[in-house]
Amino acid sequence: MPVFALVDCNNFYASCEKLFNPRLKDRPVVVLSNNDGCVVARSAEVKALGIPMGVPWFKIQEEAKRHGIVAFSSNYALYADLSNRVVDVLSGFAPNLEVYSIDESFLELSGLPLPEGGLVAYGAGIRQRIADWLGLAVCVGIAPTKTLAKLANHCAKKGLAGADGVCDFTALTRDELTALFERIAVGEVWGVGRKIDARLAAMGIRTVRQLRDADPETIRFRFSVVLERTVRELRGISCIDLEEVVPDRQQIMVSRSFGHLVTDLDELEEAVASYIARAAEKLRSQNSLAGAVQAYVRTNIFKPEVPQYQRGVTVPLPEATADTRILSGWARRILRRIYRPGFGYHKAGVMLLDLRPAGNRQFSLLDGQGGAGDARSDKLMAVLDGINQRYGRGSLRLAAEGVDRSWRMRRGNLSPGYTTDWMGLAVVRAG
DNA sequence: TCTGGGGTCCTAGGACCC
DNA sequence: TCTGGGGTCCTAGGACCC
């Protein structure tokens, strides 16, 4: 029988911000989404105030002021770096590990030599080491399926089933599990979102226990094979394997809301050019080529009172490529086709589709020889990526991406790159 | 004034094939 | 009453996750 652990960092982004700023200890801290739009992470103090996840920041200004909430813009460089360190520590605990998201990893624990105290002690050891070495708090859920491990993690966080940061379902009897599942809302289950929650409620299924004991065939018929699999996983039958190798992306998207409304085609072109450059960089980092490009623009959908317009177009490319110059040309061509003057644009995006490994390049019947041209392009892109890796993203870019770039997103309170930038090192003053 | 940015998978339906 | 029987591929839309 497999044993999975799900290790999840508590209030991850907010914890990262507190880590290098001791003055923030015990203070309410939130981290905002791009453009300082919504609250995407809350410290324990903020959760205690009842401020919900995802609320637009501007809507809680007064409350924030009243409680002295400190808000940070998203500092992904910092969070990604700390996330890598967490994974480094975890890989010392289990050879088989899946990095599920920036703050969660699944570990396969079956067959490992366990300390006295068994799996719970093992989980406690993980918690202790991450606290000691990184200063971050994590919770650990342990169970025979990934869905149950997620649920056990929820219990660990809420202190259910007597858990203190670690919850091990394999140590509970069937009756104890049933009693526990009776107290947990079905919406907490991995794979049950808002819509399915509502439909389940209409069928009278409100608790985890009820979903576990529902008939899998009926669930498949009324919903899908996905939710049927969830039911089986809740019963302890492992249906979802550990995915240790990250599969190549099938599509790559880059989109941003603008710092202010954009009306000008020139400005939109700059934005689209810089998004496609970033997308192409991601494309090359997984060693793929794109066979199609999409670009889209839209006005502010939150303001129905202003004239609305949105449009996106996808074009298949004559020959798959990872060359920023070519992709940029197509994206801007699309943009010029879909652009309508007289609107205030709020957001634009690009997508690379029909991705394939760079190894099996298909040459165009008409002119592609796959010879000198492609080799020169590969070399040039390698130089571009090398320079940007060394000197920072965007150090070397196409002129089309613009210079002052006034459309860029707002990041009103960005913390330093404490671990990724020499100039961002934390300073300790004596006395 | 101010409302994120990525991804995946599944299903249904239509076009088309023999 | 009966109206062939398989398939594939593509797209759009909807659900989910963090």
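Any value given below was found using the heavy atoms of this structure, including those in side chains, with hydrogens, waters and symmetry copies removed.
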Let's see if you can work this out: which of [options] has an atom nearest to the side-chain heavy atoms of [X]?
X	options	result
A:R410	B:dG7, B:dC2, B:dG4	B:dC2
A:F58	B:dC2, B:dG7, B:dG4	B:dC2
A:K150	C:dC18, B:dG4, B:dC10	C:dC18
A:C38	B:dG6, B:dG4, C:dC17	B:dG4
A:K195	B:dG4, C:dC16, C:dC18	C:dC16
A:M253	B:dT3, B:dG6, B:dT11	B:dG6
A:R249	B:dG4, B:dC10, B:dG7	B:dG7

With a cut-off of less than 4.0 Å, is there a side-chain N or O of [X] near OP1 or OP2 of [N]?
X	N	value
A:H260	B:dC2	no
A:K282	B:dG6	yes
A:S257	B:dG5	yes
A:Q250	B:dC9	yes
A:S255	B:dG6	yes
A:K146	C:dC17	no
A:K303	B:dT3	no
A:R229	B:dC9	no

Taking any heavy-atom pair under 4.0 Å as a contact, classify [X]: base, sugar-phosphate, or nothing.
X	result
A:Q251	base
A:I252	sugar-phosphate
A:V225	sugar-phosphate
A:W190	sugar-phosphate
A:I196	sugar-phosphate
A:N34	sugar-phosphate

Problem - Residue that, paired with A:Y309, satisfies ring-ring contact (aromatic ring centres under 6.0 Å, His included) out of A:Y339, A:Y296, A:F343 - result: A:F343
Nearest-angstrom distance from the residue atom [atom1] of [X] to [atom2] of [N]:
X	N	atom1	atom2	result
A:N153	C:dC18	CG	P	10 Å
A:F221	B:dC10	CZ	C1'	17 Å
A:F302	B:dT3	CZ	P	7 Å
A:E243	B:dG7	CD	C1'	13 Å
A:F223	C:dC16	CZ	P	10 Å
A:Y100	B:dG6	OH	C1'	13 Å
A:N300	B:dC2	CG	P	7 Å
A:D354	C:dT11	CG	P	9 Å

Practice task
Indicate, with yes or no, if the rings of A:W190 and A:F106 have centres closer together than 6.0 Å.
Solution key: yes
Handout entry: Any A:I301 side-chain heavy atom under 4.5 Å of A:Q308 side chain
Key = yes
Problem - Donor-acceptor contact present, side-chain A:R42 to main-chain A:I51, <3.5 Å - result: yes
Handout entry: Check: A:D36 side chain, A:G412 main-chain N or O, donor-acceptor pair, under 3.5 Å
Key = yes
Problem - Watson-Crick or G-U counterpart of B:dG6, or none if no pair lies under 3.5 Å - result: C:dC17
Handout entry: Closest non-hydrogen atom pair, A:I334 against A:V315
Key = CD1-CG2, 3.7 Å
Exercise for the section: Classify the side-chain pair A:S110/A:E108 by whether it contains a donor and acceptor separated by less than 3.5 Å. Expected result: yes
Practice task
Considering only atom C1', compute the distance from B:dC17 to C:dG4 and round it to an integer number of Å.
Solution key: 15 Å
Fill in the blank from the handout: Sorted by position of nearest nucleotide on DNA chain B, 5' first, the leading residue of A:V254 and A:D36 is A:D36
